[in-house]
Amino acid sequence: MKRGDRRDVVRGGGVVALLAARGARTHRRAWAAVFAALALGSLLLGTLGLAAGSAALGHARVERYAGADAVVAGTQSTHYTAKPWGSEARTVRAGLTERVRVPARALEVVRQVPGVRAAVADVAFPVTVRGSAATGRPWEATHLASAPARLLEGQPPSGARKIVVGEGVARTGDRLSIAYGTGSATDTHTYTVTGVSADARRTVHFSRDEAHRLAGRAGRAGELDAIGVLADSGVPDDVLRTRVRHALDAAHLRDVSAPHRAADDPARLRVLTGDARGEAEFLAAAPARMPLLQVLASLASVVVLVGVLVVTSTVAQALRQRARELALLRAVGATPWQLRRAVGREVGRIAVPAAVVGAVGAVPAYLALRALLVGRGAVPEGLELPFPPWLAAAPLGTAGLMVLIAWLTALGCCARAARTRPAEALREEEPGSARQLTGCVLLGLGAASAGAGALQHGAAAAAAASASALTMVIGCALLGPWLARGAMRVLGAPMRRLGVGGRLAASACTANAARLGAAITPVVLVTAFVLVQLAGGATLGHEAAAQARAAARADVAVSGPGVPYDAVERIRRLPGVAAATAVAHGTVVVPGKELGEPSLERLPVLGVTPRSLARTLDPAVREGSTDGLRPGTVAVGTDRARTLGVRPGDHVQLRFGDGAEARLRVVATYERALALGDFLFSYEELTRHMTAPPPVRVLAALAPGASPTSLSTAFPGARVERDPVPERVRAEDQALGDVLTAVAVTAIGGFTVIAVLSTLTLISVGRGPELRQLRLAGADRRRLRRMLLLESAATATAGLSLGTATAALPLLAFALSAAGRLPWLPPGQGALIVAVVVLTTASATLLPARGALRGRYPVATR
């Protein structure tokens, strides 16, 4: 006995520790794949755990109001209450990305609160300076920052025609032309620069009275963006918050959206302190946290499921190769307890260090993921994702989960050998009818889930497709031996026509259906999951792009800060212009029920001027007409209209981005909703519910032979785009979904490549005696290599075919429901999937067999 073995016997209590130690050393090659799978699983789950923890702690960055002790702001969320099936009423909440403002009379109420040293009103409004878009603000609001604005030269603005600009815009004493206002109220005046500040270049500071006057010209008379509260020394934040809250409630003050909100949607003014103060500045930060958490949870669930499948597959294959060894131990008198303990300890020797390695790597992996999300614009501006030191310990929990999964799998795999009587332990056991029945039931459930998904819409359809694919993949794994036999009935005849190597490969695959089934299962897994993840989004994106191209009829687009808000009417009057349409992008929130539960769905939408719309942006109207599109009306996409059960003349109820609820009459339904959004509003209707008028973009159709030169001369500084990019709405979390989908596909691909490599490698190692016998029987290396290549080709072909068939049904249901077309996948991505599977199966089959193929004659191995 080796010294290490004796030490393990003493420490571990005898034969159990000895068996575990010798097993781990003797079968290092088998456990290497288990180590890799567990390390990758621990790494991925730890990374996602850190991302979820950071997102849960996330908050809007505090910049503009960092010097204020508290901030009074409107309620940037909307609530919807409904009663699910057979349950009590529930309330759901969705964030609002358009600013909900504060009534101006709240300023005096806050100033009277005991402990308040000062209350400063803040307003912001769009202006244009020298052809560039900027934001106007009162100079006194700069005192709400952590440090008052620093003047590089000059003095603060003190009159109606005085301004302070950022460094590099102008010098003290210069006179600048400032455009401000909206719609027909657009106006321009000349202001004198009294100072230059180190503040942002795109901010223009006015005197308090002038800023409030200009904000009123922008349609916000009597409304404030927020109120910054400065407290007396020694007043705690919680005391200040409580006092201000009571004062606002006593004055019966609510935000300015209150008269337009639903009855069950509160509109209380908020009093923000601490990190919450940033929510009054970065409006998109807080609403983005919940979608981020939901996407991370969905991705983590997929990783957990795939990880469990792969880890159990690798552990089971590692122990299956030793079935005779375990049976022999049982036959020579090892008790069931000793066998289970030995296998459990052996797995623990591998699982614990593997999980720890993955947990350690989770921290840099999370930092890389966060940098990727920020770099791709998947995290909205202003959203802080903190990473406190104690959060770094979270991956240890996911590491423990992976160890537990491996340990339970090992105990399950050795259960038969442990419970079998010693005299029967060496006898082989064929897969039973219970496994076959279970696999068939799961395939049926997967098909039923796909059918249910065809009747759903949006997220429900995607969830049904994912559940269907997962269920069918597990069913295929259980039916592996029977599917392998069926595959060989199809592939066997062509293979036998390829000479001696083909006949050997066909015979080997047919005789070892269980082995072939184990090799096919991970290929089915990677193919099905990756196809569902990639093709689902690709189908929607491909169809949306096609619809956007079909809808684009404009010859030019005019945009930029040099374009006034009333430009569409001026462009229509220009010679050579046949039609012009102003376009604005916004969001609405649609209340309803999803699978019986109340839901609030935030959707991207368009606002357009309806006159001659089909000449510039054709939505493919199916019923009604968009000519009647005006405030109080809406056009609805055909799929959404079918879901809501409405037609032209009916009414729909929804909420705009500022929380205002509206009951709108449907004037038309249209086909191209994937590109133009589910709802189409009049330009005036949508923009009056937005924080600030969006940058003007006008689509223009020219008369035959006309030149766009007149557009360039009419609006100096504007950007005139010939053959403009097709107009298309995009979901707020699309960039996040794209990044995390790529992460999910990479994770699933990595898991399953490990599974394919480990399974085929262990199978090939176990076939060493078989290959040497074939060499002794006269088969040369070329024929055996050909046989192995054909076997790997059969494995790849069967796995790809079954995986594609498994993914086809849920994908077909989802694509027809969401896009009204067949599933689509970019050819390059499809080729990459095939190439990875083929190269992995070929290398895992040929490389372990090099020893048996080496030399002129086979060499016996120890």
Side-chain angles (χ1 to χ4, degrees), residues 33 306 309-310 313-314 317 469 472-473 476-477 479-499 501-535 745 748-767 771 784-808 825 827-850:
V306 176
L309 289 174
V310 172
S313 173
T314 52
Q317 188 63 32
M472 296 181 74
V473 164
C476 288
L479 295 175
W482 294 277
L483 292 176
R485 291 192 185 100
M488 288 314 303
R489 289 176 183 172
V490 177
L491 300 175
M495 289 173 63
R496 289 187 175 89
R497 297 177 182 176
L498 299 177
R503 290 194 293 274
L504 288 173
S507 299
C509 291
T510 303
N512 297 280
R515 184 178 68 193
L516 182 61
I520 288 175
T521 297
V523 180
V524 174
L525 176 70
V526 65
T527 305
F529 268 107
V530 171
L531 281 178
V532 169
Q533 292 290 332
L534 291 180
V745 170
I748 294 171
F751 264 132
T752 47
V753 164
I754 290 173
V756 172
L757 284 172
S758 62
T759 302
L760 292 176
T761 298
L762 292 173
I763 289 173
S764 298
V765 170
R767 296 180 63 191
L771 296 177
L784 290 182
R785 191 175 291 112
R786 184 181 181 85
M787 177 193 76
L788 294 175
L789 281 173
L790 289 174
E791 287 185 17
S792 68
T795 302
T797 302
L800 288 169
S801 301
L802 289 172
T804 303
T806 301
L825 183 70
Q829 294 181 3
L832 180 61
I833 295 172
V834 174
V836 169
V837 169
V838 170
L839 291 176
T840 303
T841 53
S843 59
T845 302
L846 290 176
L847 293 180
R850 287 181 301 171

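Scope of the values below: all heavy atoms of this structure, side chains included, with no hydrogens, waters or symmetry mates. The structure displayed is predicted, hence computed values, not measured ones. Position 1 is the first residue of the sequence; numbering continues from there.
Annotation: side-chain contact (heavy atoms from CB on, under 4.5 Å) contacts of L531 (sequence neighbours excluded): T527, T804, A807, L811, L825, I833. Contacts of V838 classified as side-chain contact (heavy atoms from CB on, under 4.5 Å), with partners at least two apart in sequence or in another chain: A796, V834.
Looking at S801, its side chain never comes within 3.5 Å of a backbone N or O of A798 through a donor-acceptor pair.
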